[in-house]
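These notes concern the structure reproduced below.
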Protein chains: 2
Amino acid sequence: MGRLQRELRQNRPFQSTAHEAVVGLIRTADMVRRQMTALVGPQGITLQQFNVLRILRGAGSEARDGVPTLEIADRMIEQTPGVTRLLDRLEAKELVRRQRCPKDRRQHLCWITPKGLALLQKLDEAALRSHEESMKGLRAKDRATFIRLMEAIRAPHQ
Amino acid sequence: MGRLQRELRQNRPFQSTAHEAVVGLIRTADMVRRQMTALVGPQGITLQQFNVLRILRGAGSEARDGVPTLEIADRMIEQTPGVTRLLDRLEAKELVRRQRCPKDRRQHLCWITPKGLALLQKLDEAALRSHEESMKGLRAKDRATFIRLMEAIRAPHQ
DNA sequence: TATCAATACTTGACATGTCAACTATTGTTG
DNA sequence: CAACAATAGTTGACATGTCAAGTATTGATA
């Protein structure tokens, strides 16, 4: 009887290795997600909102021109249909600024505000520590393997 | 520049291997979750509801006595505060039956109904295929490694 | 045995997620 | 250049998730 099966106190064995991998994956991600949520929550934002802010900061050179809404949706770590409303809330908190694109008036361009940047900076260190904490069960070499295996999982689905 | 960084079209590199592992993990799990959701959705249930049904079926020998609500919460793959309402909806669909425990009237015991069992049976094959599909990027040996690495990640957090 | 803490939920209030339908604007094609 | 499709997003309706506070019941203690 495997460890995961014990964790979930199930009496049936997994139907296949693939099944065990899927369940383990969802369970592990949930754990890590919760850690991150606990980190950003006290600052009044959700994990998704945090992700949007990081996208806007991380956009790099193109950040000056602003990032269109759907471009943000595309870059989200987790697929998120409700980006508009995410941005509404971030704008209400003055962490993000939006403006219609003059060249293509269908687009809305987004920027992170100085207030948003300050919030991210405040979270940066804690996030770094949190990631280390989440992955403390793996040594450097195993982390690299883990990353590689997940890329192999995602590759056929793009 | 790593593959994941390209996937997310970020111009900033990851701050650490742990960071890349965390982001990859959440992203990969989201992908797999979506596949599963797409599978069970057409049957009118959510992934969490599906999980509850599988818990009730998988409870094994103790299933005769029924499973208390909080026991279900404990066994969920993903931590879920709203088990009561999950059960409400499942009961409304007649996939689950509930009853007060006579020995401890605080507890509510739950069983899967024949209708619930039939629904699970209908989904079993498709779920098996879906798990294979999700993990098709990994060969058998890599799957075992992957499972082991995730257990190592979770172990320090129990 | 009355009181108090702990357990096992349930409920309310509110934020978030999700899907489908809708609007505005821009490209494309006969 | 008019008509139509495609793009980029918004909005509405509803389900789900989440947190805090409330209720019923049981166990432990003075």
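Proteins get letters first, then strands, A, B, ... in listed order; numbering begins at 1 in each.
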Does any donor-acceptor pair link the side chain of B:Arg85 with the base of C:dG12 at a separation under 3.5 Å?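 Check passes, donor-acceptor contact within cut-off.
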
Whole angstrom value for the distance that separates [atom2] of [N] from [atom1] of [X]:
{"X": "B:Leu87", "N": "C:dA8", "atom1": "CG", "atom2": "P", "answer": "16 Å"}
{"X": "B:Leu47", "N": "C:dT18", "atom1": "CG", "atom2": "P", "answer": "11 Å"}
{"X": "B:Arg100", "N": "C:dC9", "atom1": "CZ", "atom2": "C1'", "answer": "9 Å"}
{"X": "A:Glu78", "N": "C:dT16", "atom1": "CD", "atom2": "C1'", "answer": "13 Å"}
{"X": "B:Leu86", "N": "C:dT10", "atom1": "CG", "atom2": "C1'", "answer": "14 Å"}
{"X": "A:Leu90", "N": "C:dA15", "atom1": "CG", "atom2": "P", "answer": "15 Å"}
{"X": "B:Phe50", "N": "D:dT16", "atom1": "CZ", "atom2": "P", "answer": "16 Å"}
{"X": "B:Asp104", "N": "C:dC9", "atom1": "CG", "atom2": "P", "answer": "8 Å"}

Which nucleotide, [options], lies nearest any side-chain atom of [X]?
{"X": "A:Gln107", "options": "D:dT10, C:dC9, D:dA8", "value": "D:dA8"}
{"X": "B:Thr46", "options": "D:dT16, C:dT25, C:dA8", "value": "D:dT16"}
{"X": "A:Leu70", "options": "D:dG9, D:dA24, C:dC9", "value": "D:dG9"}
{"X": "A:Arg106", "options": "D:dA8, C:dG17, D:dT25", "value": "D:dA8"}

Is the closest side-chain donor-acceptor distance between B:Arg154 and A:Thr28 under 3.5 Å?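 The criterion, which ignores hydrogens and geometry beyond distance, is satisfied for A:Thr28 and B:Arg154.
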
We want to know whether B:Gln35 and B:His131 form a side-chain donor-acceptor pair, criterion being a heavy-atom distance below 3.5 angstrom.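 Their side chains do not contain a donor-acceptor pair, so the 3.5 Å distance test is not met.
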
Nearest-nucleotide comparison on DNA chain C, the residue closer to the 5′ end among A:Pro102 and A:Gln79: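 Here A:Gln79 is the residue nearer the 5' end.
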
Pairwise 5' ranking along DNA chain C for A:Lys103 and A:Lys93, keeping only the more 5' one: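 Taking each residue's closest nucleotide, the earlier one in sequence belongs to A:Lys93.
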
Show the nearest heavy-atom pair for residues [X] and [Y], with the distance to one decimal.
{"X": "B:Arg75", "Y": "B:Ala59", "answer": "NH1-CA, 3.8 Å"}
{"X": "A:Gln121", "Y": "A:Arg57", "answer": "N-NH1, 4.4 Å"}
{"X": "B:Cys110", "Y": "B:Arg98", "answer": "SG-CG, 3.5 Å"}
{"X": "A:Leu109", "Y": "A:Asp65", "answer": "CD1-O, 3.3 Å"}

For A:Leu95, is there any backbone N or O sitting under 3.5 Å from a side-chain donor or acceptor partner on A:Thr113?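 Yes, the answer is positive, given that a donor and an acceptor are paired below the 3.5 Å cut-off.
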
For [X] and [N], is the shortest distance between a side-chain N/O and OP1 or OP2 below 4.0 Å?
{"X": "B:Thr69", "N": "C:dA8", "answer": "no"}
{"X": "A:Arg89", "N": "C:dT16", "answer": "yes"}
{"X": "B:His108", "N": "C:dA8", "answer": "no"}
{"X": "A:Gln48", "N": "C:dG17", "answer": "yes"}

Under 4.0 Å between any heavy atoms, over every strand shown, what does A:Thr84 touch: base, sugar-phosphate, or nothing? Just pick one.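 Base, at least one base atom sits under 4.0 Å.
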
B:Gln49 near the nucleic acid: base, sugar-phosphate alone, or nothing, with a heavy-atom cut-off under 4.0 Å?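 Sugar-phosphate contact only - B:Gln49 comes under 4.0 Å of backbone atoms but never of a base.
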
Of A:Asp88 and A:Arg33, whose closest DNA chain D nucleotide lies nearer the 5' terminus?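 The answer here is A:Asp88.
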
Nearest nucleotide by nearest heavy atom, which residue falls closer to the 5' end of DNA chain D, A:Pro68 or A:Arg34?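 Taking each residue's closest nucleotide, the earlier one in sequence belongs to A:Pro68.
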
A:Glu91, CD: over 12 other non-hydrogen atoms inside 6.0 angstrom: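 Yes, enclosed.
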
Tell me, which stems hold DNA chain D, with a stem being 3 or more Watson-Crick or G-U pairs in a row and both distances under 3.5 Å?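 Looking at DNA chain D, the stems formed by three or more consecutive pairs are C:1-30 with D:1-30.
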
